[in-house]
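Presented below is the structure to which this report refers.
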There are 2 protein chains.
Amino acid sequence: MHSFTEENYLKAIYKLQETNGEVVATSALAQVMGVHAPSVTDMLKRMAGKKLVTYQKSKGFKLSEKGKKVAVGIIRNHRLWEVFLVDKLGFRWDEVHDIAEQLEHIHSEDLVNKLDAFLGYPKADPHGDPIPDANGVLPKSKSVLLSTLKAGDEGTFTGVTDHSPAFLNHLDKSGISLGNSIKVKGVEEYDQTYTLQLKGKKEVVVSFKVANSLLVRG
Amino acid sequence: MHSFTEENYLKAIYKLQETNGEVVATSALAQVMGVHAPSVTDMLKRMAGKKLVTYQKSKGFKLSEKGKKVAVGIIRNHRLWEVFLVDKLGFRWDEVHDIAEQLEHIHSEDLVNKLDAFLGYPKADPHGDPIPDANGVLPKSKSVLLSTLKAGDEGTFTGVTDHSPAFLNHLDKSGISLGNSIKVKGVEEYDQTYTLQLKGKKEVVVSFKVANSLLVRG
DNA sequence: AAGTAAAATTAGGCTAATCTAATTTAATTT
DNA sequence: AAATTAAATTAGATTAGCCTAATTTTACTT
């Protein structure tokens with residue numbers, strides 16, 4: 001089995017590859033892992049030895065198929081546990097991340113699959129992030145950032161790109177929840193402030209910073 | 001926070017103190033931890049430094065109040081997770097130990113207390129072991145080994161002292177389940193084989209080995 | 001009480017994962 | 001293309017947990 005540390009590296013590399021492209025840099029990984037660059041070089045050598053990543057000196061690195069499989073498994077664990085914490089135990093969506101970071105490392109195929117069944121095979125976690133199925137298949141999202149919409153556009157709020165409690169609490173206070181239908185009433189030219197019509201009810205004004213962290217599906 | 005290793009040492013020391021008396025020997029601990037004696041000496045020095053145990057060179061050691069609190073917390077986690085695995089996820093009672101050994105190390109007071117509530121504040125795990133409450137209070141068991149009963153005695157099957165899958169499966173096959181009322185019909189003089197009357201139904205014969213691992217409450 | 005056996009500790013090493021400081025390699029600027 | 005800057009790697013240490021081999025301490029036996 002892999003150590004927690006290895007698993008966290010794999011997860012981090014996976015996410016970097018998703019957002020920043022195929023090949024990952026030592027410094028980028030060091031930053032997200034909260035360690036210094038030489039630690040990353042070190043760790044990558046070990047992981048390359050285990051065929052979890054392909055690594056070329058000073059050229060960056062990427063996950064092997066094997067590494068990708070492990071990474072997706074961890075993400076599956078993480079997101080299913082988040083659903084459990086919110087749906088079954090009554091945690092708020094801004095409280096679950098740290099606990100799920102621990103639970104994601106529990107090693108048992110049987111457990112995660114039974115948990116999946118218990119939760120009713122959810123397709124997304126409480127933040128709208130898609131949950132890989134038991135085969136590691138992760139549906140590609142069709143959502144876009146709210147900040148790419150123009151006045152008159154409509155959509156459904158499907159997820160966030162910022163998972164910080166601060167941001168999530170701010171959304172709660174603004175009365176914006178996952179699944180809400182949103183219509184863009186207008187976009188302020190000067191500072192790109194968005195005026196939104198929520199679910200035929202409230203009208204809400206959000207900053208660009210917020211619009212740029214909200215995912216919507218047309 | 002404490003490392004998993006430390007927590008496992010604490011748990012092991014706690015259990016040894018429970019069964020073998022106040023003071024624990026290096027060799028005994030090494031045996032249950034599956035390590036060699038010098039590793040124990042090493043670890044104990046570190047843990048003594050953290051005031052988790054009181055340690056006197058070559059004299060044995062025992063848990064401090066602080067150490068005891070941590071140990072009981074881990075046991076609480078373990079047993080609550082076992083209830084979850086069996087009651088909610090449908091695991092069998094012989095399957096849950098290894099998974100609970102991992103889950104017991106999740107660090108979150110909030111989580112364990114919410115889990116407790118979700119499970120309905122169970123008093124015992126699927127093997128009948130009592131669950132400490134949120135304050136670390138563990139009800140003292142009033143059960144005795146079936147092997148201490150005589151012909152004619154009655155009781156309720158409340159727990160096991162052997163948690164091995166082999167033993168638990170054997171009980172399943174014999175049709176003996178937690179909570180069953182049991183009456184001792186007779187005890188064979190020659191080999192201490194017990195003939196039991198179960199719940200007004202079946203009659204079952206069990207070996208001394210089995211009777212010596214079953215707990216009953218008069 | 002002396003001698004042996006058993007238990008515990010010390011000494012010295014190993015690995016995973018980290019660090020700082022120094023060096024090398026790659027990229028960018030002029 | 002040379003010089004400078006930035007990124008990555010190597011070198012050498014550190015800590016937690018573990019090991020084996022050697023030594024010391026305690027317990028047991030006669």
Side-chain angles (χ1 to χ4, degrees), chain A residues 1-13 16-17 19-63 66-67 70-71 74 101-102 104-105 107, chain B residues 1-13 16-17 19-63 66-67 70-71 74 101-102 104-105 107:
Chain A
M1 218 32 50
H2 312 100
S3 70
F4 286 14
T5 307
E6 273 176 350
E7 292 184 351
N8 285 330
Y9 271 89
L10 291 172
K11 190 174 51 149
I13 298 169
L16 284 171
Q17 283 189 217
T19 50
N20 298 17
E22 271 291 279
V23 173
V24 176
T26 302
S27 53
L29 185 49
Q31 216 228 303
V32 305
M33 287 300 295
V35 299
H36 290 224
S39 310
V40 170
T41 301
D42 234 57
M43 190 65 188
L44 283 172
K45 282 193 207 156
R46 275 192 292 273
M47 297 205 308
K50 296 181 182 179
K51 308 281 185 214
L52 292 167
V53 296
T54 60
Y55 169 72
Q56 282 179 293
K57 210 160 106 173
S58 291
K59 289 281 185 180
F61 40 83
K62 54 184 180 178
L63 294 180
K66 185 179 166 194
V70 176
I74 311 264
E101 290 269 301
Q102 298 181 60
E104 72 189 5
H105 299 293
H107 294 131
Chain B
M1 220 28 52
H2 312 101
S3 71
F4 286 15
T5 307
E6 275 175 349
E7 292 183 351
N8 285 330
Y9 271 89
L10 291 172
K11 192 175 50 148
I13 297 169
L16 283 171
Q17 283 191 217
T19 51
N20 299 18
E22 271 290 280
V23 173
V24 176
T26 303
S27 53
L29 185 50
Q31 217 229 304
V32 305
M33 287 299 296
V35 300
H36 290 225
S39 309
V40 169
T41 302
D42 235 57
M43 189 65 189
L44 282 171
K45 281 193 207 155
R46 273 191 293 273
M47 297 205 309
K50 296 181 183 179
K51 310 278 186 217
L52 292 167
V53 296
T54 60
Y55 168 73
Q56 283 179 292
K57 212 159 103 172
S58 291
K59 290 281 185 180
F61 41 85
K62 52 184 181 177
L63 294 180
K66 185 178 166 196
V70 176
I74 310 267
E101 290 269 301
Q102 298 181 57
E104 71 189 5
H105 300 293
H107 293 131

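Residue B/K45 places at least one side-chain N or O under 4.0 Å from the OP1 or OP2 atom of C/dT10. Proximity of A/Y9 to the phosphate of C/dA16: no side-chain N or O atom is located under 4.0 Å from OP1 or OP2. The phosphate of C/dA16 has neither OP1 nor OP2 within less than 4.0 Å of any side-chain N or O from A/R46. Neither OP1 nor OP2 of D/dC18 sits under 4.0 Å from any side-chain N or O of B/H36. Between A/T5 and the phosphate of C/dA16, there is no side-chain N or O to OP1/OP2 separation shorter than 4.0 Å. In terms of phosphate contacts, A/S39 brings a side-chain nitrogen or oxygen within less than 4.0 Å of OP1 or OP2 of C/dC19. Between B/S27 and the phosphate of C/dA8, there is a side-chain N or O to OP1/OP2 separation shorter than 4.0 Å.
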Distance-only criterion, 3.5 Å: show the donor-acceptor pairs between side-chain atoms of residues 32-53 of chain B and protein atoms not counting sequence neighbours.
residue	atom	partner	partner atom	Å
B/S39	OG	B/H36	O	3.4
B/K50	NZ	B/E6	OE2	2.4

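Between A/Y9 and A/F61, the distance separating the two ring centers is not shorter than 6.0 angstrom.
Under a 3.5 Å cut-off, the side chain of A/E7 and the backbone N or O of A/I74 do not form any donor-acceptor pair.
Within the 4.0 angstrom heavy-atom criterion, only backbone atoms of the sugar-phosphate kind lie near A/T26; the bases stay farther away.
The interatomic distance linking A/L29 (CG) with C/dT18 (P) rounds to 10 Å, in whole Å. Following rounding to the nearest Å, B/Y55 (OH) and D/dT25 (C1') show an atom-to-atom distance of 12 Å.
A/L63 and A/Q17 make their closest contact through N-OE1, 2.7 Å (heavy atoms, listed as atom of the first residue, atom of the second, distance).
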